Peer 1: 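Mind looking over this structure? Questions follow.
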Amino acid sequence: MNASAAAPREGVDWARVRADFPLLARMVHGKPLVYFDSANTGQKPLAVIEAVDGFYRRHNANVSRAVHALGAEATEAYEGARAKLAGHLDVRAEDLVLTSGTTFALNLVAYSWALPRLGPGDAILLTRMEHHANIVPWQLVAARTGATIKVAELLPDGSLDLDGLQAAMTPDVKLLGVTHVSNVLGTVNPVREICRMARKRGIATVVDGSQALPHMAVDIPAIGCDFYAFTGHKMCGPTGTGGLWARREHLQAMPPFLGGGEMIREVRFDGTVYADPPHRFEAGTPNIAGHVGLGAAVDYLDAIGMDAVAARERELHAHLEEEMRKVDGLRIVGEAPGKAAVTSFLVEGAHAHDLATLLDLEGVAVRSGHHCAHPLMHFYGVPATCRASLAFYNTHAEVEAFAAALRKVRNLLA
Ligand code: PMP
């Protein structure tokens, strides 16, 4: 178990790391599984599976309520996970709200921070490459406040047009939503530079870190944003986990988003005193076991080292794109320099869904569709793409199997 933790940090034994992921040994349609859909959700190492299992077997109780031993253990495990995540992101645990994922985190900013502050004449600036989770909450806020949405456009290679972005930072803009890494294109946005530009103009920044945390070391204070949202299930953790980091002054000023148990200090019918952040924003029984699992995921990733993860993925991804470029009629969508290990593609004459279905029959799991990014699909003038997304647990042999499957499918469709 957790082979990588035992391996020296210099020179990770990637075969042992892969063996930590039981699902990757599966067969699909009689073929060895090639899982190239980690941008959708990541696979889980035994360390995470066992942490969740162990919590339910030995420690299960509700948090923050019971004084008995199990209650104390559950609370310690849950708060321990928050502390591990805070260490991973270089932030203070008390500034980290645990949520069901990025979607909840972004909605929390929208409803608790933006809704009371924005009004007619204000604008929310978003980029063309945002996931729907970083578009729709702002549209809901805009509809209720009279604020408008502005869009920062892309260059044809799928990188942000930074001059255009800067020009769009007009005095009416109160908030900028930007993804750290595009889930479709793999573009890594220079969020540090972007947040510096925004801060100079008094614009608050919300960074969607969903696709960054699985691939790289992220130092939130160094980015200089106001809010950073992330999801646990793409970084080896269970589904229904994640969080929102926010500057303390924002958290202190924000009213609760949801009301209920766990988020109060005292409730009276003539007025309720809320708990301090982060608990003020965690109404109801949280996903305790899930976050315990996410804490184990953070330990697992830290044992390998995010720099080693990033280097491994760079190597695998370079191999992947080299193989893809050899396939006739294949077009890579998004060619920004320094991409994360995500490649969207199209094959001449084939619909993305047909391609993904035929690849599945070869044991290869890739995603096809709009990837919750309709405005980005409109930019490229396509309804859908196929997307191969890698993680450190993939192998060069899988890249070759994928390329062989792609050639076979291409010939079938030609
Ligand atoms: N933003 C991006 C960039 C994503 O890739 C995703 C997940 N596909 C989300 C937000 C939403 O994450 P979740 O569904 O875990 O809340």
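These numbers were taken from a predicted model, which means no experiment stands behind them. Atoms within each ligand, like the ligands themselves, are counted from 1 in listed order.
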Peer 1: I would like to know whether Tyr300 and Asp20 meet side-chain hydrogen bond (donor to acceptor under 3.5 Å, both in side chains); could you show each step before the answer?
Peer 2: CA-CA 10 Å; Tyr300 183 83; Asp20 289 335; 2.7 Å; yes
Peer 1: Please state which part of Thr102 comes within less than 4.0 Å of ligand 1, counting heavy atoms only: side chain, backbone, both or neither.
Peer 2: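 Both of them.
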Peer 1: Using a strict 4.0 Å cut-off to heavy atoms of Thr231, name the atoms of ligand 1 that fall inside it.
Peer 2: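 Ligand 1 atoms under the 4.0 Å threshold to Thr231: 12 (O), 13 (P), 15 (O), 16 (O).
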Peer 1: Could you tell me the residue and atom name of the protein heavy atom closest to atom 16 (O) of ligand 1, and the distance to it rounded to 0.1 Å?
Peer 2: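 Going atom by atom, the protein heavy atom closest to atom 16 (O) of ligand 1 ends up being Thr103 OG1, 2.6 Å.
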Peer 1: Does His371 have its ring centroid less than 6.0 Å away from the ring centroid of His131?
Peer 2: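 For His371 and His131, the ring centres are not under 6.0 Å apart.
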Peer 1: Can you give each donor-acceptor pair under 3.5 Å made by side-chain atoms of residues 103-113, sequence neighbours left out, with the distance rounded to 0.1 Å?
Peer 2:
{"residue": "Asn107", "atom": "ND2", "partner": "Thr103", "partner atom": "O", "Å": "2.7"}
{"residue": "Ser112", "atom": "OG", "partner": "Pro255", "partner atom": "O", "Å": "2.8"}
{"residue": "Trp113", "atom": "NE1", "partner": "His250", "partner atom": "ND1", "Å": "3.3"}

Peer 1: Using atom types as modelled, flag every donor-acceptor pair under 3.5 Å from a side chain in residues 186-196 to any protein atom, sequence neighbours excluded.
Peer 2:
{"residue": "Thr187", "atom": "OG1", "partner": "Gly158", "partner atom": "O", "Å": "2.7"}
{"residue": "Asn189", "atom": "ND2", "partner": "Thr179", "partner atom": "O", "Å": "2.8"}
{"residue": "Arg192", "atom": "NE", "partner": "Ala222", "partner atom": "O", "Å": "3.2"}

Peer 1: Kindly say whether the aromatic ring centers of Phe257 and Phe281 come within a distance under 6.0 Å.
Peer 2: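 Between Phe257 and Phe281, the centre distance exceeds or equals 6.0 Å.
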Peer 1: Students should be able to answer this: which protein heavy-atom is nearest to atom 4 (C) of ligand 1, and at what distance?
Peer 2: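 For atom 4 (C) of ligand 1, the nearest protein heavy atom comes out as His131 CD2, 3.3 Å.
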Peer 1: With heavy atoms under 4.0 Å as the rule, classify the contact between His371 and ligand 1 as side chain, backbone, both or neither.
Peer 2: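 It is neither; nothing of His371 touches ligand 1.
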Peer 1: Is Asp208 close enough to touch ligand 1? Criterion: a residue heavy atom under 4.0 Å from a ligand atom.
Peer 2: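 For ligand 1, residue contact (heavy atoms, under 4.0 Å) with Asp208 is present.
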Peer 1: Got more than 12 heavy atoms from elsewhere within 6.0 Å of CD, Glu153?
Peer 2: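 Yes.
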Peer 1: Any salt bridge linking Glu362 with Lys408? Criterion: basic side-chain nitrogen under 4.0 Å from a carboxylate oxygen.
Peer 2: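 Salt bridge between Glu362 and Lys408, a charged N being under 4.0 Å from a carboxylate O: yes.
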Peer 1: For ligand 1, which atoms have a heavy atom of Gln211 less than 4.0 angstrom away?
Peer 2: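 In order of number, 3 (C), 4 (C), 5 (O).
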Peer 1: Is there a polar contact between ligand 1 and Thr179, counting only N or O atoms under 3.5 Å apart?
Peer 2: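 Between Thr179 and ligand 1 (N or O atoms, distance only) the closest approach is not under 3.5 Å.
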Peer 1: May I ask whether Lys234 places a heavy atom under 4.0 Å from ligand 1?
Peer 2: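 So Lys234 counts as touching ligand 1.
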